[in-house]
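Just the heavy atoms: all of them, side chains too, but no hydrogens, waters or symmetry mates, feed the values below.
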Amino acid sequence: MRKVRKQSNIEPLNTAGKQHMHFQMRQEQYSRRIHWRRRGIAVIAMLIITVLAMINLYGQQTKYTNASAGLQQTNKALINAKQNNADLKQEVQDLHDDSYLQKLIREKYMYTKDNEIVFNMPN
């Protein structure tokens, strides 16, 4: 559409021309209002999308942090279990050795060899 600017030295010759100029001016104002309304709606929609994305990102970050903490605890438990497993395997190997078995029985169950005297010393 052609823009009609109001100039002080131009006046319509008849009422039809005046009505036409007034109609064009109102149409122009209406178009401007519509454009501003559309821009406002677009800005509000972008803000809503941004806020929702930030909320979603925060939730995902929280889940990731919790999962990382759980993973670290699980890794520590795994290391402890592996160490415990290695200790138990060593103990099983030692139990097959007769000298270790005799030593363990003497310490744990207070057995003695023939003609052996046991002295209990306080620690």
Side-chain angles (χ1 to χ4, degrees):
M1 269 194 188
R2 194 177 72 168
K3 287 190 175 182
V4 177
R5 294 184 185 211
K6 190 171 186 180
Q7 296 178 358
S8 61
N9 60 354
I10 297 177
E11 292 185 18
L13 296 175
N14 55 20
T15 57
K18 184 176 183 180
Q19 287 175 352
H20 180 69
M21 287 177 66
H22 183 66
F23 176 75
Q24 284 181 340
M25 184 176 66
R26 288 187 69 204
Q27 240 183 349
E28 200 175 296
Q29 288 174 348
Y30 177 75
S31 295
R32 275 193 228 121
R33 262 188 284 145
I34 293 296
H35 287 295
W36 277 106
R37 186 180 305 154
R38 287 178 184 164
R39 286 180 192 153
I41 290 171
V43 167
I44 290 171
M46 284 187 223
L47 286 174
I48 289 172
I49 290 171
T50 303
V51 168
L52 291 176
M54 291 175 70
I55 290 170
N56 189 21
L57 182 65
Y58 177 75
Q60 295 298 323
Q61 181 65 26
T62 303
K63 287 179 185 178
Y64 174 75
T65 304
N66 291 339
S68 294
L71 179 63
Q72 287 178 352
Q73 289 177 348
T74 304
N75 283 339
K76 287 179 183 178
L78 178 64
I79 290 169
N80 289 338
K82 284 182 178 181
Q83 181 63 39
N84 190 18
N85 190 23
D87 292 344
L88 291 174
K89 282 184 179 181
Q90 183 62 42
E91 188 174 342
V92 167
Q93 285 180 346
D94 290 343
L95 287 174
H96 291 295
D97 185 22
D98 288 337
S99 63
Y100 176 78
L101 195 56
Q102 287 174 1
K103 176 185 166 192
L104 183 67
I105 290 173
R106 275 198 242 139
E107 286 177 3
K108 194 169 184 179
Y109 300 111
M110 300 297 227
Y111 275 85
T112 61
K113 292 182 180 180
D114 292 335
N115 298 326
E116 184 179 41
I117 300 173
V118 176
F119 295 101
N120 288 329
M121 305 288 278
N123 290 336

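- In this structure, R39 forms a cation-pi arrangement with W36, its terminal cationic atom sitting closer than 6.0 Å to the ring centre and no more than 45° off the ring axis.
- Proximity of K82 to N85: side-chain heavy atoms (C-beta onward) are nowhere separated by under 4.5 Å.
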Practice item. Would you please test D87 and Q90 for side chain to side chain contact (heavy atoms under 4.5 Å, CB included) and show each step? Key: CA-CA 5 Å; D87 292 344; Q90 183 62 42; 5.7 Å; no
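- Residues D98 and Q102 bring no donor and acceptor atom of their side chains to less than 3.5 Å of each other.
- No donor-acceptor pair closer than 3.5 Å links the side chain of Q19 to the backbone N or O of A16.
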Exercise for review: Evaluate the criterion side chain to side chain contact (heavy atoms under 4.5 Å, CB included) for residue pair Q24 and E28; output intermediate values, then yes/no.
Suggested key: CA-CA 6 Å; Q24 284 181 340; E28 200 175 296; over 6 Å; no
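- With values rounded to the nearest 0.5 angstrom, L47 atom CG is found 11.0 Å from L52 atom CG.
- Test M25, Q27, R26 against F23 for side-chain contact (heavy atoms from CB on, under 4.5 Å) and you get one pass: Q27.
- Hydrophobic cluster membership is shared by L95 and Y109, with clusters built from Ile, Leu, Val, Met, Phe, Trp and Tyr side chains linked at under 4.5 angstrom.
- Contact of the K89 side chain with the Q93 side chain is not registered, since no non-hydrogen atoms from C-beta on lie closer than 4.5 Å.
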Exercise for review: Verify side chain to side chain contact (heavy atoms under 4.5 Å, CB included) between D97 and L101, making sure each step is shown before the conclusion.
Suggested key: CA-CA 6 Å; D97 185 22; L101 195 56; over 6 Å; no
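- Atoms CD and OG1, from Q60 and T65 in turn, are 11.0 Å apart once rounded to the nearest 0.5 Å.
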Point to revise | Stepwise side chain to side chain contact (heavy atoms under 4.5 Å, CB included) test for I48 and I44 | key: CA-CA 6 Å; I48 289 172; I44 290 171; 3.9 Å; yes
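- Summarising the geometry of Y111 relative to I105, their closest heavy-atom pair is CD1-CG2, 3.6 Å, with the distance given to 0.1 Å.
- Side-chain contact check for N84 versus N80: every heavy-atom pair is 4.5 Å or farther apart.
- If you take NE2 on H35 and CZ on R32, they are separated by 10.0 Å, rounding to the nearest 0.5 Å.
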